[in-house]
Amino acid sequence: MIKLDKVSKKFGTGTLALSSIDLTIENGEFVFLVGPSGSGKTTIFRLITRELLPTEGTIIVNDWDVAKLPKHKIPHLRKRIGVVFQDLKLLLDRTIFENIALPMEIAGVNILEAKNRIEEVLEQVGIAEHKEKFPIQLSGGELQRVAIARALALSPDIILADEPTGNLDTNTSWEIVKLLSLINQKGTTVIMATHNAEFINGLAKRVVSLDKGRLISDEKKKKKTKEKNL
Ligand SMILES: Nc1ncnc2c1ncn2[C@@H]1O[C@H](COP(=O)(O)OP(=O)(O)OP(=O)(O)O)[C@@H](O)[C@H]1O
Ligand SMILES: [Mg+2]
């Protein structure tokens, strides 16, 4: 479970990036976090992973009170959360396979065990044939799949996907949303941030909307007959 209770975040003396956010996401949910550029989506993700501390309020992830977590426990929290970064953060001098292996290496996973798991996630996201290539040899959609595979490597409870369709054409974007939806159907909680609210209109998913750091709506869309087949 992820629970934000009256969470505010102020950077320095200036911007109030988030303003008294109350948000609860149960295990196994799929949530779109939408809002224009600068509305606070990435800031919410960075608070959940304890990259940032809230100015006010409480953040609970699983059973952890994130802001109060002692330093040595932060890696435990981060292992449970797979992040697909807005700028991907892939290492250009490593192969796709090596990029996916990286969080496992850092977590001290046994190499033989890691190899099987990496093959599994490569298959799951549909890029197994590219594993020996370097990032520069892949398309934008394929690179998103690599970033998703890397986020999945340690079998997290939660995936935070930050604008994973940002630079993609419509069809490729749908493929990525479909992939995240499949991952969610296997039990992983998925939060996908996007500034493109229109794109996800008509999907029977929960949509949390932010505007200038405020949570302005939280709706579970009803299934329509015309709903896209996800
Ligand atoms: N490290 C920081 N220092 C100062 N201000 C910051 C910092 N990070 C974010 N902000 C500000 O906080 C606000 C929210 O930023 P955030 O990155 O969360 O927006 P976003 O919804 O993810 O936008 P986008 O759709 O462009 O990715 C913005 O006004 C931004 O300038
Ligand atoms: Mg952002």
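Note: hydrogens, waters and symmetry copies are ignored here, and every other heavy atom, side chains too, is used. For ligands, and for the atoms within them, numbers begin at 1 and follow the listed sequence.
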* Might you list the protein residues in contact with ligand 1, defined as having a heavy atom under 4.0 Å from one of its atoms, sorted by chain and number? =>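 Residues F11, T15, A17, P36, S37, G38, S39, G40, K41, T42, T43, Q86, E163 each place a heavy atom under 4.0 Å from ligand 1, listed by chain and number.
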
* Could you pull out the closest heavy-atom pair between V7 and P54, with the gap in Å? =>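 The answer is CG1-CB, 4.1 Å.
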
* Backbone or side chain, does Q86 get an N/O/S atom under 2.8 Å to the Mg ion (ligand 2)? ->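 Yes.
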
* Under 2.8 Å: N/O/S of T42 next to the Mg ion (ligand 2) -> yes

* Does the cation-pi check pass for K205 over F32, that is, NZ or CZ under 6.0 Å from the six-membered ring centre and within 45° of its axis? -> no

* Asked: Does NZ or CZ of K41 lie under 6.0 Å from the centre of the six-membered ring of F45, at an angle within 45° of the ring axis?
  -> no

* Electrostatic pair D5-K3, nearest N-O below 4.0 angstrom ->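 Between K3 and D5 there is no salt bridge, as every charged N stays at least 4.0 Å from the carboxylate O atoms.
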
* Does a donor on one side chain sit under 3.5 Å from an acceptor on the other, for T194 and E163? ->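 Note: T194 and E163 side chains meet the donor-acceptor criterion.
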
* Asked: Honestly curious: do L180 and V207 fall in one hydrophobic cluster under the side-chain, below-4.5 Å linking rule?
  ->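 Cluster IDs for L180 and V207 match.
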
* Of V125, I100, V84, which is the lone residue that meets side chain to side chain contact (heavy atoms under 4.5 Å, CB included) with L152? ->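 Output: one option passes, namely V125.
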
